[in-house]
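What follows is a single structure, written as structure tokens, with notes after it.
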Amino acid sequence: MPQKIRSIELTQVVEWDDSKSSRFEDYLAAEEPLEMRAGRRSLGLTLRTPGNDEELVAGFLFTEGIISRREHLLSLRLPGNAAPERNLVRVMLSPKVRLGAGAAARKFSAGSACGVCGKASITQLRRRGLRRPESAVQFDPEILCQLPPKLRATQAVFGRTGGLHAAALFSAQGDLLVLREDIGRHNAVDKVIGWAFLEGRLPLSGHLLLVSGRSGFEIVQKALSAGIPLLASVSAPSSLAVQLARELGLTLVGFLRGRRFVIYAGEERIMVSAAAPAGRS
């Protein structure tokens, strides 16, 4: 039987509104742990919203540098709802994959940089072979401004719970290819990239990724891993995210709301011509 999706839960709540109280059932975004294991080796542990777990695992293993090719992932075994190990995914990797001491990359990752920081982190990513995204495509500002409403309109679980982040992959023409939701920003991005990985679509040159929250270092890292040339968010990026985007050539856009956005890195990929600040020639 197919695995039942447990992305939404119901609970009893009491609402107080202008001196009046009422009791009703409310929707909650589900949050459960997920462990990825190869044999007896734990590859990572994260809190996620159940659903699209296969994509989450594939995306996590790829963006964390544990695997680099589709053939490295031989199989994924997802447990059923009633299984004692219902939050454990067993992975079979190719013998060509060498698991180093740091293979278990994330343990309940929640921070903006998840334990990595500064120039040492960027140097480590360079050693992994992360390069400037290859894309001759220029992106139209008018199309960028149309994307947040498309993202919000497609957030089915957010519409019922108000408690999920989303990541969406668009073509340069603004066509929505895939959207995934999760309690964690990084997980939503991993699900999108995992979808592309399993579909054989990587690298994602000529595409852009839009996230519903802020852009931190780890999300920039994941976008670079997938060869995405433009990452946009409706909120602000972190300082380390901007540093990484500038050093490795990612176009980074923040505060994409209405008819306004801010370009923090890679302005050459967007069809804009910025005026010089007042007082300068």
Side-chain angles (χ1 to χ4, degrees), residues 46 48 56 59-60 62-64 105-106 109-119 121-122 124-125 130-133 135 139 141 143-152 155 158 164-170 172 174 176-194 196 203-205 207-258 260-270 272:
T46 189
R48 99 300 190 193
L56 172 59
F60 173 85
F62 176 77
T63 61
E64 295 294 333
R106 187 196 306 169
S109 153
S112 62
C114 302
V116 292
C117 59
K119 293 183 178 180
S121 304
I122 296 176
Q124 185 178 13
L125 293 181
L130 291 190
R131 299 178 180 177
R132 179 185 178 91
S135 178
F139 296 88
I143 289 178
L144 289 181
C145 292
Q146 297 170 12
L147 302 185
K150 291 183 180 181
L151 180 141
R152 175 58 71 84
Q155 283 188 259
F158 178 87
L164 287 185
H165 291 285
L169 184 70
F170 291 91
L176 176 62
L177 302 179
V178 63
L179 180 145
R180 294 290 183 260
E181 295 178 286
D182 200 276
I183 200 81
R185 294 185 306 274
H186 313 109
N187 292 337
V189 172
D190 276 339
K191 287 179 179 181
V192 167
I193 295 176
L204 290 168
S205 55
H207 296 75
L208 65 96
L209 182 69
L210 175 63
V211 295
S212 62
R214 58 183 171 81
S215 298
F217 177 93
E218 193 176 37
I219 291 179
V220 170
Q221 169 214 320
K222 291 177 182 300
L224 286 165
S225 297
I228 296 170
L230 192 156
L231 171 64
S233 69
V234 300
S235 188
S238 69
S239 61
L240 194 56
V242 173
Q243 180 184 349
L244 178 60
R246 289 177 178 176
E247 291 203 22
L248 292 189
L250 175 76
T251 299
L252 184 62
V253 170
F255 294 107
L256 180 54
R257 306 171 185 172
R260 177 183 181 272
F261 58 83
V262 178
I263 306 172
Y264 290 88
E267 66 183 69
E268 67 277 1
R269 288 197 183 94
I270 302 179
V272 297

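One-based numbering along the sequence shown.
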From Arg48 atom CZ to Ile183 atom CD1, the distance as rounded to the nearest 0.5 Å: 12.0 Å

Verdict with supporting geometry, Leu144 and Phe261, side-chain contact (heavy atoms from CB on, under 4.5 Å): CA-CA 9 Å; Leu144 289 181; Phe261 58 83; 4.0 Å; yes

Side chain proximity check, Arg185 to Arg214, heavy atoms < 4.5 angstrom: yes

Any side-chain heavy-atom pair of Ile143 and Phe170 under 4.5 Å: no

Distance (rounded to the nearest 0.5 Å) between Thr63 OG1 and Leu224 CG: 11.5 Å

Option from Ile193, Val189, Asp190 for which side chain to side chain contact (heavy atoms under 4.5 Å, CB included) with Leu56 holds: Asp190

Test item: Leu209 and Leu230 side chains (from C-beta on) under 4.5 Å apart, heavy atoms: no

Heavy-atom closest pair, residues Pro229 and Ser205: CD-CA, 4.2 Å

Sub-4.5 Å side-chain heavy-atom contact between Pro133 and Ile228: no

Contact summary for Ser212 and Val234, nearest pair of heavy atoms: O-CG2, 2.7 Å

Pairwise distance NZ(Lys191) to CG(Asp182) - rounded to 0.5 angstrom: 4.0 Å

Interatomic spacing from CD1 in Ile263 to CD1 in Ile270 - rounded to 0.5 Å: 4.0 Å

Over all atoms of both residues, closest heavy-atom pair of Lys150 and Gly174: NZ-O, 2.7 Å

Taking every non-hydrogen atom, the tightest pair across Leu151 and Ala166: CD2-CB, 4.2 Å

Atom pair OG/OH of Ser238 and Tyr264 - distance to nearest 0.5 Å: 10.5 Å

Side-chain touch His186/Ile219, heavy atoms, less than 4.5 angstrom: yes

More than 12 heavy atoms from other groups under 6.0 Å of CZ on Arg131: no

Heavy-atom side-chain proximity of Leu208 to Phe139 below 4.5 angstrom: yes

Minimum heavy-atom distance between Pro141 and Val272, given as atom pair plus value: CG-CG1, 3.5 Å

Sidechain-backbone polar pair: Ser233 side chain, Ser235 backbone, donor-acceptor under 3.5 Å: yes

Side-chain heavy-atom pair Leu248, Val220 within 4.5 angstrom cut-off: no

Spacing of Arg180 atom CZ and Leu169 atom CG [to the nearest 0.5 Å]: 10.5 Å

Minimum-distance pair of heavy atoms, taken over all atoms of Leu244 and Gln221: CD2-N, 3.9 Å

